Engineer: 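First the structure, then my questions, so here it is.
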Amino acid sequence: MLLCSFRNTLRGQKFWRAIHNYAPLKATSPEKVVSAASDFSEWIGVVGLEIHAQIKSKSKLFSGSATSFAAPTNTQVSLFDCATPGTLPVVNRRCVEAAVKTALALNCEIHPVSLFDRKHYFYADLPAGYQITQHFHPIANNGWMDYVMFVPGIDKEPKRYRAAIEQIQLEQDSGKSLHNPGAGNSLIDLNRAGMGLMEIITRPDFSSGEQSAAFVRELVMALRKLDVCDVRMFEGSLRVDANISVHRRGEPLGVRSEVKNLSSMKFVAKAVDFEIARQRELLKSGGTVINETRGFDFKTETTHAMRDKETWQDYRYMPEPNLPPLRLCNSSLGEQVDDCMVDIAVAQRDLPELPSARRVRFTDILQLTPAQATILVADDSLAELFDKTVVLTKVCTPPGLAILIINSLIRILNDSKKVVGPDEFLLRPADFATLADMLTEQRISRIIFERLLEMLCGVDGDLVVPEKVIEEKQWYQINDEAELGRLCDVAMERDPKSCEAVRKGKTKAVNILVGAVKVLSNDLANLKKTKVLMEKKLSNSA
């Protein structure tokens with residue numbers, strides 16, 4: 001737990017600024033940020049996001065209660081969590097460290113002094129009647145994050161963008177209401193009440209669902225790498241609220257609606273695109289967009305009205321009287337380090353390589369294409385495998401290794417429906433490096449390479465020794481032209497129709513003959529050499 005000093009209490013001028021009043025930042029790439037749909041192209045969608053990331057911590061933000069997911073109802077609730085009079089909050093150091101690391105990763109300005117506020121509103125799962133947050137003086141603000149938008153098979157190259165971060169604030173999560181329409185009542189589970197949240201607020205720098213989802217995807221990768229949030233959206237540990245409006249080019253921003261609690265990247269994309277289209281249709285038909293809170297129905301992939309926000313709600317913000325200013329130190333600036341204070345310099349030193357930096361290293365140093373780098377970095381286990389393997393290969397180049405992972409390994413994992421983390425990956429980098437080098441040296445065929453890869457990724461993959469298997473089964477590639485020529489002769493003798501078709505100009509028929517050689521050799525023939533020899537023999541016999 002973190003103890004804070006009451007010295008020099010500051011409560012400066014309020015600086016809260018509505019994110020909807022900011023113009024979007026320009027993308028870092030030449031591509032323009034365009035709207036998600038082509039209909040009514042004069043209307044531009046404008047989207048800002050609020051991401052609530054549950055901090056990965058053993059205890060809650062202001063109490064020592066546990067934070068295990070799916071624990072029995074109301075078994076992780078302290079006296080403070082249920083607002084027992086006389087109980088006081090104590091800040092969890094781990095939560096502050098997580099916020100500082102996140103702020104550094106998002107290039108934010110970190111404030112040495114931040115303050116907590118009470119945000120008053122009534123809801124059944126908020127026992128105290130207020131939420132402790134950092135509305136006016138957050139721990140960090142004015143940041144940015146680069147991200148890419150890329151769909152393999154559709155986009156030729158990734159599109160790079162930059163989104164501005166308005167602020168990052170620490171706050172409590174609420175409890176959970178369990179509605180039971182059949183019994184006509186609702187039950188309250190306070191296990192989640194008081195869990196530490198980081199609210200990450202962006203400026204309205206997005207124009208489509210795909211772009212918004214791409215940013216969330218990048219943020220998820222960064223938070224996972226930082227180990228500050230487990231980002232299990234299906235469990236509710238990361239939730240997204242989208243503020244959406246449309247306006248004509250050159251005109252002021254329109255009235256926005258807020259779509260709450262989007263729990264997957266797919267839902268973010270679907271909800272944003274639907275809401276932009278809904279508002280466009282409404283305005284085109286002469287209607288008016290209402291400032292309201294909306295929900296997303298994942299079954300119908302539509303949004304629906306929940307609460308009207310036209311009437312200004314007074315949250316009666318006030319300074320949290322039971323918490324002193326939250327103070328940070330920075331030893332790199334020569335500041336004295338107190339044991340009860342989080343050191344920004346230590347957090348900076350311990351930052352891991354983030355996804356954006358890894359993509360740059362893969363392209364600039366290892367010479368991967370932007371598409372290859374984007375695909376590998378999108379899966380941390382594959383990126384880790386690539387990093388560990390590339391230093392072990394002797395012949396296979398980094399781009400060649402990336403091709404093998406993308407074209408062969410990913411397909412094998414998809415076919416086997418394996419979903420593994422970096423610590424559970426069965427394929428040993430040394431074995432992968434051996435196979436990659438043998439394939440590059442043409443000592444084994446591509447088919448044998450993938451067959452061995454399947455064995456290494458299997459249940460007993462840790463018992464497979466590639467060199468031993470190749471030697472025992474004599475799976476070495478046939479490169480000898482005399483042997484390949486003999487196999488070509490056999491294939492031509494058995495399929496005179498294909499031979500005649502090639503002689504009549506149907507050149508694709510040669511692939512049938514090459515396939516026959518592949519079968520005759522039990523997948524060991526060098527198919528490139530085989531095709532050259534086959535074409536030569538057919539031309540000579542014409």
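We number each residue from 1, following the sequence as shown. The shown structure was predicted, so the numbers you read here are calculated from the model rather than taken from an experiment.
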Engineer: Can you tell me how far the CD1 atom of Ile168 sits from the CG atom of Asn142, to the nearest 0.5 Å?
Structural biologist: 11.0 Å
Engineer: Taking side chain as C-beta onward, heavy atoms only, is His52 less than 4.5 Å from Gln54?
Structural biologist: no
Engineer: Apply the test side chain to side chain contact (heavy atoms under 4.5 Å, CB included) to residues Ile406 and Gln372: give CA-CA distance (whole Å), side-chain angles for both, the deciding distance (0.1 Å), then the verdict.
Structural biologist: CA-CA 8 Å; Ile406 294 169; Gln372 289 172 342; 3.9 Å; yes
Engineer: What distance separates Arg280 CZ from Ile44 CD1, expressed to the nearest 0.5 Å?
Structural biologist: 8.5 Å
Engineer: Could you go through the side chain to side chain donor-acceptor pair (under 3.5 Å) check for His111 and Asn141 one step at a time?
Structural biologist: CA-CA 8 Å; His111 301 294; Asn141 64 354; 2.9 Å; yes
Engineer: Could you give me the CA-CA distance, side-chain angles and deciding distance for Leu88 and Leu323, then say whether side chain to side chain contact (heavy atoms under 4.5 Å, CB included) is met?
Structural biologist: CA-CA 9 Å; Leu88 297 174; Leu323 285 170; over 6 Å; no
Engineer: So which of Gln134, Glu199, Lys119 actually passes side chain to side chain contact (heavy atoms under 4.5 Å, CB included) with Glu171?
Structural biologist: Glu199
Engineer: Which is it for Ser63 and Asp81 under the side chain to side chain donor-acceptor pair (under 3.5 Å) test, yes or no, and what are the steps along the way?
Structural biologist: CA-CA 7 Å; Ser63 77; Asp81 299 330; 3.0 Å; yes
Engineer: Please report the C-alpha distance between Val337 and Val346 in whole Å, then the side-chain angles of each, then the deciding distance to 0.1 Å, and finally whether the side chain to side chain contact (heavy atoms under 4.5 Å, CB included) criterion is met.
Structural biologist: CA-CA 11 Å; Val337 179; Val346 172; over 6 Å; no
Engineer: Using side-chain heavy atoms (C-beta onward) and a distance below 4.5 Å, is Arg359 in contact with Pro370?
Structural biologist: no
Engineer: Which atoms form the tightest heavy-atom contact between Val259 and Gly295, and what is the distance?
Structural biologist: CG1-C, 4.3 Å
Engineer: Which pair of heavy atoms, one from Val255 and one from Ser245, lies closest together, and at what distance?
Structural biologist: O-CB, 3.4 Å
Engineer: In sequence, state the C-alpha distance, the side-chain angles, and the governing distance for Leu226 and Leu354, and then conclude on side chain to side chain contact (heavy atoms under 4.5 Å, CB included).
Structural biologist: CA-CA 8 Å; Leu226 293 168; Leu354 295 169; 4.0 Å; yes
Engineer: Is it the case that the side chain of Asn330 and the backbone of Ile344 share a donor-acceptor pair, with hydrogens and angles ignored and the cut-off at 3.5 Å?
Structural biologist: no
Engineer: I want to check something: taking the side chain as every heavy atom from C-beta on, are Glu301 and Phe274 in contact at a cut-off of under 4.5 Å?
Structural biologist: no
Engineer: Are the side chain of Ser212 and the backbone N or O of Ser208 linked by a donor-acceptor pair below 3.5 Å?
Structural biologist: yes
Engineer: Parallel, tilted or perpendicular: which one describes the rings of Phe116 and Phe62, with boundaries at 30° and 60°?
Structural biologist: perpendicular
Engineer: Under 6.0 Å from the CD atom of Gln336, do we count more than 12 heavy atoms belonging to anything else shown?
Structural biologist: no
Engineer: Between Ser78 and Ser65 (side chain of the first, backbone of the second, donor and acceptor by atom type, cut-off under 3.5 Å), is there such a pair?
Structural biologist: no
Engineer: With a 3.5 Å distance limit and no angle check, can you tell me whether Asp241 reaches the backbone of Glu258 through a side-chain donor-acceptor pair?
Structural biologist: no
Engineer: Between Arg358 and Asp387 (salt bridge meaning N to carboxylate O under 4.0 Å), is one present in this structure?
Structural biologist: yes
Engineer: Starting from the C-alpha separation in whole Å, work towards a yes-or-no answer on side chain to side chain donor-acceptor pair (under 3.5 Å) for Thr133 and Gln169.
Structural biologist: CA-CA 7 Å; Thr133 181; Gln169 60 194 47; 3.2 Å; yes
Engineer: Find the distance between CG (Asn74) and CG (Asp189) and round it off to the nearest 0.5 Å.
Structural biologist: 5.0 Å
Engineer: Just how far is it from atom CG of Asp155 to atom CZ of Phe150, taken to the nearest 0.5 Å?
Structural biologist: 6.5 Å
Engineer: Are Lys60 and Thr67 packed together at the side-chain level, in the sense that at least one heavy-atom pair is separated by less than 4.5 angstrom?
Structural biologist: yes
Engineer: Return the minimal non-hydrogen interatomic distance between Arg93 and Asp339, and the atom names on each side.
Structural biologist: NH1-O, 2.9 Å
Engineer: Just verifying a value: how many Å separate Met145 CE and Phe215 CZ, rounded to the nearest 0.5 Å?
Structural biologist: 4.0 Å
Engineer: To check you understand the geometry: which heavy-atom pair defines the closest contact between Ala402 and Phe386, and what is its length?
Structural biologist: N-CE1, 3.9 Å
Engineer: If only atom types and distance count, is the side chain of Asp173 paired as donor or acceptor with the main-chain N or O of Arg192 below 3.5 Å?
Structural biologist: no
Engineer: Do the charged groups of Glu281 and Arg278 touch, with an N to O distance under 4.0 Å?
Structural biologist: no
Engineer: Sort out for me which residue in Lys159, Gln211, Arg162 forms a side-chain hydrogen bond (donor to acceptor under 3.5 Å, both in side chains) with Tyr147.
Structural biologist: Gln211
Engineer: Just how far is it from atom NE2 of His179 to atom OG of Ser177, taken to the nearest 0.5 Å?
Structural biologist: 5.0 Å
Engineer: Does a side-chain heavy-atom distance below 4.5 Å link Ile375 with Ile405?
Structural biologist: no
Engineer: Does the side chain of Asp117 reach to within under 4.5 Å of the side chain of Glu320, using non-hydrogen atoms?
Structural biologist: no
Engineer: If you count heavy atoms of other groups shown closer than 6.0 angstrom to OH of Tyr123, is the number above 12?
Structural biologist: no
Engineer: Using the rule side chain to side chain contact (heavy atoms under 4.5 Å, CB included), only one of Gln279, Arg256, Arg294 pairs with Ile244; which is it?
Structural biologist: Gln279
Engineer: Could you tell me whether the side chain of Asp343 and the main chain of Ser331 form a donor-acceptor pair under 3.5 Å?
Structural biologist: yes
Engineer: For Pro72, is there any backbone N or O sitting under 3.5 Å from a side-chain donor or acceptor partner on Asn191?
Structural biologist: yes
Engineer: Whether the Ser332 and Gln348 side chains hold a donor-acceptor pair (N or O, under 3.5 Å, no angle test) is what I'd like checked.
Structural biologist: no
Engineer: Assess the residue pair Tyr121 and Gln131 against the criterion (side chain to side chain donor-acceptor pair (under 3.5 Å)); give the C-alpha distance rounded to whole Å, side-chain angles, the decisive distance to 0.1 Å, and a yes or no.
Structural biologist: CA-CA 8 Å; Tyr121 64 95; Gln131 176 193 40; 4.5 Å; no
Engineer: Do Asn180 and Leu187 come close enough that some side-chain heavy atom pair is under 4.5 Å?
Structural biologist: no
Engineer: Please give me the minimum heavy-atom distance between Gln172 and Leu61, naming the atom from each residue.
Structural biologist: N-CD2, 4.0 Å
Engineer: Any ion pair linking Arg232 and Asp230 (charged N to carboxylate O, less than 4.0 Å)?
Structural biologist: yes
Engineer: Can you check whether Ile139 reaches Leu328 side chain to side chain, under 4.5 Å on heavy atoms?
Structural biologist: yes
Engineer: Taking all heavy atoms of Lys225 and all of Asp380, pick out the closest pair and write down the distance.
Structural biologist: NZ-OD1, 3.4 Å
Engineer: Just by modelled atom types, is the Lys56 backbone N or O under 3.5 Å from a matching donor or acceptor in the Arg94 side chain?
Structural biologist: yes
